[in-house]
Amino acid sequence: MAVALVVVGAGVSLGLWAASGGDGGSTGSEARSSQGVPGRAPQASPTPSPTRSYPLSEAPRTIPAVRDHEPARGPGWQPEKGNRVVVDDPALADEGRLVAGELGMAYAGEKNDKKAGDLRLALNGGKGANPESYTMTVRDGRVEIGGPTDAGVFYGTRTLKQETHDGGTAPEGVVKDEPAKPQRGFMLDIARKPFTADWIEDRIRELGDLKFNQLGLHFSDDQGFRIESSSHPEIVSQQHLTKAQVRKIIDLAQSRHITIVPEIDSPGHLGAVIDAHPDLQLRSAQGSAVQGAIDISKAESAEIVDDLLNEYADLFPGGPWHLGGDEYQALTRSNPEASFPQLAAAAQEKYGSGATVADLATGWLNDRADTVRKHQRVPRAWNDGFFRGTSVQAAKDIQVAYWTGKEIGARAPLEYLQAGRKVINYNDEFLYYVLGEPQTFVYPTGQRIYEQWTPRVLRGTAAVPARYDGQILGGSFAVWCDLANSQTQDQVAAGIRMPLRATVQKLWDPDKPELSWAQFRALADRLG
């Protein structure tokens, strides 16, 4: 039996012509006899013409990989100019218009009829379903993407966009997909190195197509304060983003279902604020100034930080808010109470005799959490902003951004998990891209993340027990600009390209990937 196999895009076989006894058999209208054709003599033993059938489809190749695909027989689907994108709910209009433009199709709005080539987006209201889940069905020359929320439907359109990239074909069958982790982030330090608004918007488009859902902006540090301020314009660096630019960034992020997570780090890393308010700088008993540290014994210190938190809460929508809390230099001294008697006195006045500088710093963190909580925000702080053995405890709802185990008095991730805290993974041995590679940092590679890291690897290379997996909300790849001029922003974009893809693969599905690293990298190159 002679056969010819046609393969089109994405590993999808699109047609098997068999002389007889094909896998799918004849289908009536497809099986035509050559008898009775005018001008042709009847054959003694007529040979049936070829009949068309299809092999089972193969799972699509996407980043991140889809978690389940039910194969089917059929030609698959490709977008064609003039074909429609339709929705069953006006809440999906933005997703419909976006994917229509990307695929060169016509957005037709709400329609109940069915036409060949349609892409239909639908809200299915699945109770109890992961809100970011979706189902994509390719059948009968049409595609339907359904999910319980517009975010899930959007992720389905990202899968379809990748499947049909560069002439590819969405395979016949049903994709059922959802992320393992609800927080999939990228954090950018724009305080030490100003990035242009256009560059940030390009990253948002990239993140959206990869199904990331958070972008952290660390915009205040010793080297700069990078967003326009109306409450304290005196602290803003010459190179900064205007609020109009930030609103445009926010609008683009929302269209990609990405939440901006702002960070104004305190009580350390406030050098740009202190430059304009030197009277607020922390000084030791000997009168020496402490770099970046604000004096938390002064009421004015809390006032200016709360002014900023309140101002930017009105600018940035969304839930999470990063309070920082790390590397307060007062607590790196062997005897903080002796080195900073004003802090010790303030601690005892507020929390009673025996209270320490660590208690005062914990109280500062709780007070700032109160400020953002009034704006319906969920606070998070770096793990070295939580202290062991204090009489004042950090509020239970402050989530732990775990980045290092190298600080003085380092606490293992298990301490936070056993206390019931929610944790976000920023493991600095895998997920920290620190410009110039200072100290012991080296640029992370996508391969190492892909092959060795999972969300349960919070510190070093060892995973915490699986029973704590539900407390680990997700993770974030981070760019820190310690030596800001070591790379241009274009070099940063190139350097983080594969690490971002590896990170989201493991946040979407932490199990061992089906593809080897070489195959994954080749797929990334093909998808662009």
Side-chain angles (χ1 to χ4, degrees), residues 189 191-192 218-226 232 234-237 263-309 322-351 355-369 371 381-390 392 394 401 403-404 406-411 428 434 438-439 480-484:
D189 171 12
R192 294 180 176 94
H218 176 92
F219 63 92
S220 168
D221 212 303
D222 297 344
Q223 294 81 356
F225 193 99
R226 302 291 180 184
H232 289 281
E234 73 280 1
I235 70 174
V236 179
S237 302
E263 182 189 359
I264 299 176
D265 202 344
S266 78
H269 295 280
L270 280 172
V273 173
I274 292 168
D275 284 347
H277 297 271
D279 55 308
L280 299 181
Q281 187 162 27
L282 178 65
R283 293 184 177 272
S284 70
Q286 292 73 39
S288 59
V290 181
Q291 173 64 34
I294 204 165
D295 188 335
I296 58 176
S297 71
K298 295 183 175 182
E300 297 84 359
S301 295
E303 288 171 7
I304 192 169
V305 173
D306 283 347
D307 285 347
L308 296 168
L309 294 174
H322 207 314
L323 296 169
D326 63 311
E327 298 180 327
Y328 188 47
Q329 294 302 307
L331 291 165
T332 64
R333 305 295 174 91
S334 58
N335 189 339
E337 288 71 35
S339 296
F340 305 99
Q342 77 276 33
L343 298 184
Q348 291 170 19
E349 180 181 352
K350 189 169 185 179
Y351 300 112
T356 64
V357 174
D359 287 313
L360 190 66
T362 303
W364 170 278
L365 181 65
N366 285 339
D367 290 345
R368 307 293 78 75
T371 300
W382 299 113
N383 62 283
D384 52 332
F386 297 78
F387 307 107
R388 182 191 289 118
T390 54
V392 180
W403 73 282
T404 185
K406 302 181 180 75
E407 78 279 8
I408 295 172
R411 300 169 68 191
D428 65 341
V434 185
Q439 303 175 54
W480 292 102
C481 302
D482 291 38
L483 300 174

Discussion item. For the backbone of Ala346 and the side chain of Tyr351, can you confirm whether one donor and one acceptor N or O come within less than 3.5 Å of each other?
Written reply: no

Worksheet item: Which is it for Arg411 and Asn383 under the side chain to side chain contact (heavy atoms under 4.5 Å, CB included) test, yes or no, and what are the steps along the way?
Response: CA-CA 8 Å; Arg411 300 169 68 191; Asn383 62 283; over 6 Å; no

Response to the item:
d(Phe387 CZ, Asp359 CG) to nearest 0.5 Å is 10.0 Å

Item to complete: Go through Leu270 and Ser220 one step at a time and tell me if the side chain to side chain contact (heavy atoms under 4.5 Å, CB included) criterion holds.
Response: CA-CA 7 Å; Leu270 280 172; Ser220 168; 4.2 Å; yes

Worksheet item: Can you tell me how far CG of Leu280 sits from CD1 of Ile296, rounded to the nearest 0.5 angstrom?
Response: 12.5 Å

Item to complete: List in chain and number order the residues that pass salt bridge (charged side-chain N to carboxylate O under 4.0 Å, His left out) with Asp326, two or more places apart in sequence or in another chain; answer none if no residue qualifies.
Response: none

Fill in: Side chains of Val392 and Lys350 in contact at under 4.5 Å (non-hydrogen atoms)
no

Discussion item. Test your reading of the model: is there a side-chain donor-acceptor pair from Gln329 to the backbone of Glu327, 3.5 Å cut-off?
Written reply: yes

Response to the item:
When rounded to the nearest 0.5 Å, the distance separating CD of Glu337 from CG of Leu360 is 10.0 Å

Worksheet item: Of all heavy-atom pairs between Pro336 and Ala330, which one has the smallest distance, and what is that distance?
Response: CB-O, 3.5 Å

Discussion item. Which heavy atom of Ala338 sits nearest to which heavy atom of Pro341, and what is that distance?
Written reply: O-CD, 3.6 Å

Practice prompt. For residues Val357 and Ala344, report the shortest heavy-atom separation together with the two atoms involved.
Written response: CG2-N, 4.1 Å

Fill in: Those residues that, when tested against Asn366, pass side-chain hydrogen bond (donor to acceptor under 3.5 Å, both in side chains) (two or more places apart)
none

Practice prompt. With rounding to the nearest 0.5 Å, note down the distance linking CZ in Phe386 to CG in Leu365.
Written response: 6.0 Å

Item to complete: Measure the CG-CG distance between Asp367 and Leu309 for me, rounded to the nearest 0.5 Å.
Response: 11.5 Å

Item to complete: Search all heavy atoms of Leu331 against all heavy atoms of Ala358 and return the closest pair with its distance.
Response: CD2-N, 3.7 Å

Practice prompt. Under the ring pair (Phe, Tyr, Trp, His ring centres under 6.0 Å) rule, collect the residues that match up with Phe219, sequence neighbours excluded.
Written response: Phe225, Tyr312

Practice prompt. Would you please name every residue forming a salt bridge (charged side-chain N to carboxylate O under 4.0 Å, His left out) with Lys298, sequence neighbours left out?
Written response: none

Worksheet item: Can you tell me how far CG of Leu343 sits from OG1 of Thr356, rounded to the nearest 0.5 angstrom?
Response: 10.5 Å

Worksheet item: Considering residues, nucleotides and ligands other than Glu300, do more than 12 of their heavy atoms fall under 6.0 Å from its CD?
Response: yes

Worksheet item: Where the side chain of Gln342 meets the backbone of Arg283, is there a donor-acceptor pair that is under 3.5 Å apart?
Response: yes

Worksheet entry | Where Asp222 and Gly271 come nearest, the two heavy atoms and their spacing | OD1-N, 2.8 Å

Worksheet, complete the sentence: Heavy-atom nearest pair, Arg388 first then Ala410, reads NH2-O, 3.6 Å

Worksheet entry | salt bridge (charged side-chain N to carboxylate O under 4.0 Å, His left out) partners for Arg192, two or more places apart | Asp189, Asp221

Worksheet entry | Partner residues of Trp480 under the ring pair (Phe, Tyr, Trp, His ring centres under 6.0 Å) criterion, sequence neighbours left out | His218, Trp382, Tyr432

Discussion item. Quick one, Trp364 with Ser301, criterion side chain to side chain contact (heavy atoms under 4.5 Å, CB included). Give me CA distance, side-chain angles, the key distance, then yes/no.
Written reply: CA-CA 10 Å; Trp364 170 278; Ser301 295; 4.2 Å; yes

Item to complete: Please test Arg368 against Asp306 for side chain to side chain contact (heavy atoms under 4.5 Å, CB included), starting from the C-alpha separation and ending with a verdict.
Response: CA-CA 7 Å; Arg368 307 293 78 75; Asp306 283 347; 2.8 Å; yes

